[in-house]
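Since the structure comes first, as structure tokens, the remarks are kept for the end.
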Amino acid sequence: MQSHTLQHRIPLAVALLITLAYPLAAHANSELASDKGCYNCHGASAHAKAPSFERLARQLSKYQGDLAAEDKYVTKFLTGEIFNHIDAHEQLTPESAKALIHWLIEGGK
Ligand code: HEC
């Protein structure tokens with residue numbers, strides 16, 4: 001009886017995992033960042049013109065779990081309000097910007 005119940009639970013657990021994992025997979029990753037040329041300036045090299053993503057991720061981790069603050073930050077980032085305007089930032093679609101910022105907030109790995 002018990003194993004019968006378990007057999008029904010396994011597909012459910014798998015379905016739940018897929019549901020949870022899929023939106024994450026649809027979000028940004030280092031490939032998107034690489035595609036968008038982010039590493040040209042944000043690479044780990046000491047000669048990079050911009051802070052490394054590792055450092056940014058540490059700074060941005062304060063937004064974890066605060067979607068309102070995250071949205072606000074994405075808007076500022078996209079409009080160049082935070083600092084001097086950077087084309088590579090402002091040319092992103094809102095979707096890409098949101099995905100990349102979320103990715104950084106979650107650690108940028
Ligand atoms: C042409 C160089 C360049 C490229 C390409 C670039 N950035 Fe930047 N980015 C910078 C510089 C420079 C800063 C730091 C500005 C400052 O601190 O005044 C910065 C800052 C940032 C910040 C921090 C903003 C803050 O809170 O101070 C984020 C987040 C960021 N970049 C994300 C990205 C992403 C994502 C990409 C890829 C789409 C990208 N950048 C591509 C130059 C670049």
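Atom set for the values below is all heavy atoms of this structure, side chains included, hydrogens, waters and symmetry mates excluded. All residue numbers refer to positions in the sequence shown, counting from 1. Read the numbers this way: they start at 1 and go in the same order the structure lists the ligands and their atoms.
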### Task
Answer yes or no: does atom CD of E54 have more than 12 heavy-atom neighbours from other residues, nucleotides or ligands under 6.0 Å?
no
### Task
Return the option from I86, L92, N40, D87 holding the heavy atom at the smallest distance from atom 42 (C) of ligand 1.
I86
#### Entry: From the candidates A50, C38, C41, S96, the one that places a heavy atom nearest atom 1 (C) of ligand 1
C41
### Summary
Near I101 (heavy-atom distance under 4.0 Å), the atoms of ligand 1 are 29 (C)
### Summary
Heavy atoms of I105 and E70 approach each other most closely as CD1-CG, 3.5 Å
### Query
Minimum heavy-atom separation for H42 to P51, with atom names?
ND1-O, 2.8 Å
### Task
Find all atoms of ligand 1 within a distance of less than 4.0 Å from any non-hydrogen atom belonging to P51, and give their numbers and elements.
14 (C)
### Message
Quick check on contacts: which atoms of ligand 1 are under 4.0 angstrom from a heavy atom of A88?
### Response
4 (C), 5 (C), 6 (C), 38 (C), 41 (C)
### Message
Need the ligand 1 atom indices (1-based, order shown) with element for anything under 4.0 Å from a heavy-atom of K36.
### Response
38 (C)
### Query
If every non-hydrogen atom of T79 is compared with every non-hydrogen atom of T75, which pair is closest and at what distance?
OG1-O, 2.9 Å
### Query
Taking only heavy atoms of Y73, which atoms of ligand 1 are found under 4.0 Å from at least one of them?
23 (C), 24 (C), 25 (C), 26 (O), 29 (C)
### Contact summary for L78 and P94, nearest pair of heavy atoms
CD1-CA, 3.7 Å
### Proximity of W103 to ligand 1 by residue part, where a heavy atom lies under 4.0 Å
neither
### Query
Among the heavy atoms of Y39, does any lie under 4.0 Å from an atom of ligand 1?
no
### Message
So is G37 touching ligand 1 or not, going by heavy atoms under 4.0 Å?
### Response
yes
### Flag, side chain of N29 to backbone of L32, donor-acceptor distance under 3.5 Å
yes
### Task
Might you point out which heavy atoms bring G107 and A57 nearest each other, and give the distance in Å?
O-CB, 3.5 Å
### Degrees at atom 8 (Fe) of ligand 1 between the NE2 atom of H42 and the NE2 atom of H89, nearest 10°
170°
### Query
What heavy-atom pair brings Y39 and S30 nearest, and what distance separates the two atoms?
OH-CB, 3.3 Å
